[in-house]
Amino acid sequence: EVQLVESGGGLVQAGGSLRLSCAASGFRFGDYVIGWFRQAPGKEREGASCISSDGSIYYLTSVKGRFTISSDKFKNTVYLEMNSLKPEDTAVYYCAAAAKSMSPKVACVHFEDNMGYWGKGTQVTVSS
């Protein structure tokens, strides 16, 4: 059974930093794509960043230059380093994965059709 468990969320002031972790189990790190998605109150879920097994990366325009996604295959963990946080980054952040090869942009943009495994999410709150 594939499980994705997020951690690292919390409350931070604007301009601060957080690092989210997504620990994957029951998941074979062959061809895959894993990403971070977020949903703010009253808004639709969106893909913040995705990384594929070949190392290709996609970032949502609004987070580019501030967020960094990385993976540690030995720890089966994907990280999202978030710097220069803004109040508009406040959301529940979800980790999601697909056990197949695809473009990280496709995974992040068309996640409803492609991402079959989801974590329960971690809250990130950025105060002004």
Side-chain angles (χ1 to χ4, degrees):
E1 179 187 2
V2 174
Q3 286 190 327
L4 303 172
V5 180
E6 303 97 335
S7 61
L11 173 64
V12 64
Q13 288 187 331
S17 299
L18 284 173
R19 189 176 81 154
L20 305 182
S21 299
C22 172
S25 61
F27 190 89
R28 292 186 177 181
F29 275 73
D31 286 336
Y32 67 88
V33 60
I34 295 180
W36 287 96
F37 301 79
R38 64 186 187 181
Q39 187 164 18
K43 294 188 176 182
E44 293 186 352
R45 191 170 297 189
E46 61 182 1
S49 182
C50 291
I51 184 168
S52 61
S53 51
D54 68 357
S56 300
I57 291 173
Y58 165 84
Y59 292 106
L60 183 68
T61 298
S62 60
V63 309
K64 198 174 294 184
R66 300 188 297 121
F67 290 12
T68 303
I69 192 170
S70 62
S71 66
D72 185 331
K73 294 182 181 180
F74 295 104
K75 295 183 177 180
N76 278 7
T77 301
V78 174
Y79 304 97
L80 186 68
E81 185 76 34
M82 304 185 296
N83 298 314
S84 302
L85 283 162
K86 305 175 181 180
E88 51 264 42
D89 294 318
T90 294
V92 177
Y93 283 71
Y94 299 90
C95 176
K100 54 185 175 180
S101 176
M102 75 175 75
S103 153
K105 181 176 180 178
V106 170
C108 259
V109 174
H110 303 288
F111 57 88
E112 292 176 347
D113 295 331
N114 292 297
M115 307 304 273
Y117 305 102
W118 289 84
K120 294 183 178 180
T122 185
Q123 176 71 45
V124 171
T125 303
V126 185
S127 62
S128 57

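Heads up: numbering here begins at 1 and tracks the sequence. In this text the structure is predicted, and so the values were computed from the model without any measurement. Reckoned from all heavy atoms, side chains included, excluding hydrogens, waters and symmetry mates.
Residues Val126 and Leu60 share a single hydrophobic cluster, defined by chaining ILVMFWY side chains whose heavy atoms lie under 4.5 Å apart. With hydrophobic clusters built from ILVMFWY side chains whose heavy atoms lie under 4.5 angstrom apart, Val78 shares a cluster with Val63. Hydrophobic clustering places Tyr32 together with Tyr117 (ILVMFWY residues linked when any side-chain heavy atoms are closer than 4.5 Å, directly or through intermediates).
Every residue two or more places apart in sequence or in another chain was checked for a salt bridge (charged side-chain N to carboxylate O under 4.0 Å, His left out) with Glu88, and none qualifies. Every residue two or more places apart in sequence or in another chain that forms a side-chain contact (heavy atoms from CB on, under 4.5 Å) with Lys75 is listed here: Asp72, Thr77, Tyr79. Scored by the side-chain hydrogen bond (donor to acceptor under 3.5 Å, both in side chains) test, Ser56 finds Asp54 as partners (sequence neighbours excluded). Not counting sequence neighbours, the partners of Asp89 by the side-chain hydrogen bond (donor to acceptor under 3.5 Å, both in side chains) test are Arg38, Arg66. Scored by the side-chain hydrogen bond (donor to acceptor under 3.5 Å, both in side chains) test, Gln123 finds Thr125 as partners (sequence neighbours excluded).
Atom CG of Asn76 and atom OG of Ser25 lie 8.5 Å apart (nearest 0.5 Å). Put simply, CD1 on Ile51 and CD1 on Ile34 are 8.5 Å apart, with the number rounded to the nearest 0.5 Å. For the atom pair Phe67 CZ and Leu20 CG, the distance stands at 8.0 Å (nearest 0.5 Å).
Side chain of Tyr59 to main chain of Ile69: a donor-acceptor pair is present (N/O by atom type, distance under 3.5 Å, no hydrogens or angles).
Looking at every heavy atom in both residues, Ser21 comes nearest to Trp36 through O-CH2, 3.5 Å. Of all the heavy atoms in Met115 and Gly35, the pair that sits closest is CE-N, 4.1 Å. Nearest approach of Phe37 to Cys50, heavy atoms of both residues: CZ-SG, 3.8 Å. Nearest approach of Gly47 to Tyr58, heavy atoms of both residues: O-CE2, 4.2 Å.
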In a table with atom names and distances, give each donor-acceptor pair under 3.5 Å that connects a side chain of residues 1-19 to protein atoms at least two apart or in another chain.
{"from": "Glu6", "atom 1": "OE1", "to": "Lys120", "atom 2": "N", "distance (Å)": "3.1"}
{"from": "Glu6", "atom 1": "OE1", "to": "Gly121", "atom 2": "N", "distance (Å)": "2.9"}
{"from": "Glu6", "atom 1": "OE2", "to": "Cys95", "atom 2": "N", "distance (Å)": "2.8"}
{"from": "Glu6", "atom 1": "OE2", "to": "Gly121", "atom 2": "N", "distance (Å)": "3.1"}
{"from": "Ser17", "atom 1": "OG", "to": "Asn83", "atom 2": "OD1", "distance (Å)": "2.8"}

Quiz: residues 103-112 side-chain donor-acceptor pairs under 3.5 angstrom, not counting sequence neighbours:
{"from": "Ser103", "atom 1": "OG", "to": "Lys105", "atom 2": "N", "distance (Å)": "3.1"}
{"from": "Ser103", "atom 1": "OG", "to": "Val106", "atom 2": "N", "distance (Å)": "3.4"}

